[in-house]
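Along the sequence shown, residues are numbered consecutively beginning with 1. Counting starts at 1 for both ligands and their atoms, following the listed order.
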Amino acid sequence: MIVLTSRGGEVGIAAAMETLRAGGTALDAVEAAARLVEADPTNHTVGVSGWPNLLGQAELDASIMDGRTRASGAVGALQGYRHPISLARQVLERLPHVLLVGEGAARFAAEVGAETAELTPEARQGWEAWLALHVPQDVRRVWPPRELAPYAQLTADPEQPRGTVNILAQDGAGHQAVAVSTSGWAWKHPGRLGDSPIIGAGNYCDDRYGAAACTGVGEWTIRCSTARCVVLYQQLGATVEEACRRAARDLLDLPDRRRIAGWVNIVALDRQGRPYGISTGAEPRCYTFWSDGMAAPETRQSEHLVA
Ligand code: ASP
């Protein structure tokens, strides 16, 4: 039994391992862990405590994928609910669809009795402070202006420029699953979806070959189908290390990559549950890994690939 998380997932890793030890599936484990991250009020990149969009609204994205069948569920730009990951799971289980967004996602959330929640006061204050710093007072007074696009160009998270949580697990029966949840870029344009709800971009899982998920600039990983590529490269014979390196190289090869400042961090498992992490960008990054043979989770350094 194995659990692997990106940064921020530490608050959920014990719940995931307990779920597996109690005989739960990998899907149960990744959902349990992601829910704890979504409920962590100190996390400003996941859940309703995440920095909101340009209009001050929490718009949450999440996806979940089951490696047994590649069944997937996802929600995007969800407003008004605490646990997008559980709603993604309900999409997987109850609907003939993979991805619901916006009002339709909120409608479905109400229908299944999902817990409601609003942007936290702290996240709201962060948004107000950002506006005060970047938007002239006369524009602020009539916020939002007719043209939001110039302000979308300014988006940068005050705490850490990007962030999302990735949880990967392998259960006692050897099945794998991946959960991804995020509030997306701080101060993003309303309606912007990142890679987290896009199966193949921010999340992919196929028991036959392995699993992968991403944090960082979703605009890059959507263009490169990064999570899918990590699994596909393994299907074509690469080790998990080689697969991550090739996928990271695809990102670094985007000729206009520098139009958006940032990085991508990939976390992955191979078929046997061997973990690997790789990141692009200025700072080295870590992931947290726990296999049931280990007394406690271990934080490990991701490979750092620079252009
Ligand atoms: N990948 C997420 C997105 O693009 C955000 C992040 O991980 O920073 O929405």
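Taking only non-hydrogen atoms, the option from A213, G218, G216, S6 nearest to atom 1 (N) of ligand 1 is G216.
For ligand 1, the polar-atom distance check finds an N/O of D195 within less than 3.5 Å of one of the ligand's N/O atoms. Ligand 1 has a nitrogen or oxygen under 3.5 angstrom from a nitrogen or oxygen of T164.
At a cut-off of 3.5 Å, with distance as the only test, a side-chain donor of T164 or T182 sits close to an acceptor on the other residue. No donor-acceptor contact under 3.5 angstrom links the side chains of H83 and E31, judged on distance only.
Rounded to the nearest 0.5 angstrom, Q176 CD and Q272 CD are separated by 9.0 Å.
Of the possible polar contacts, one joining the K188 side chain to the E59 backbone as a donor-acceptor pair under 3.5 Å is found.
Under 4.0 Å from ligand 1, the heavy atoms of R192 that appear belong solely to its side chain.
Ligand-side atoms of ligand 1 in range of G184: 9 (O), range being under 4.0 angstrom from any heavy atom. Near T215, with a cut-off below 4.0 Å to any heavy atom, the atoms of ligand 1 are 7 (O). For ligand 1, the atoms closer than 4.0 angstrom to any heavy atom of W185 are 4 (O).
The heavy-atom pair separating A152 from L54 by the smallest distance is N-CD1, 3.7 Å. Between L20 and A169 the shortest heavy-atom distance is CD1-CB, 4.5 Å.
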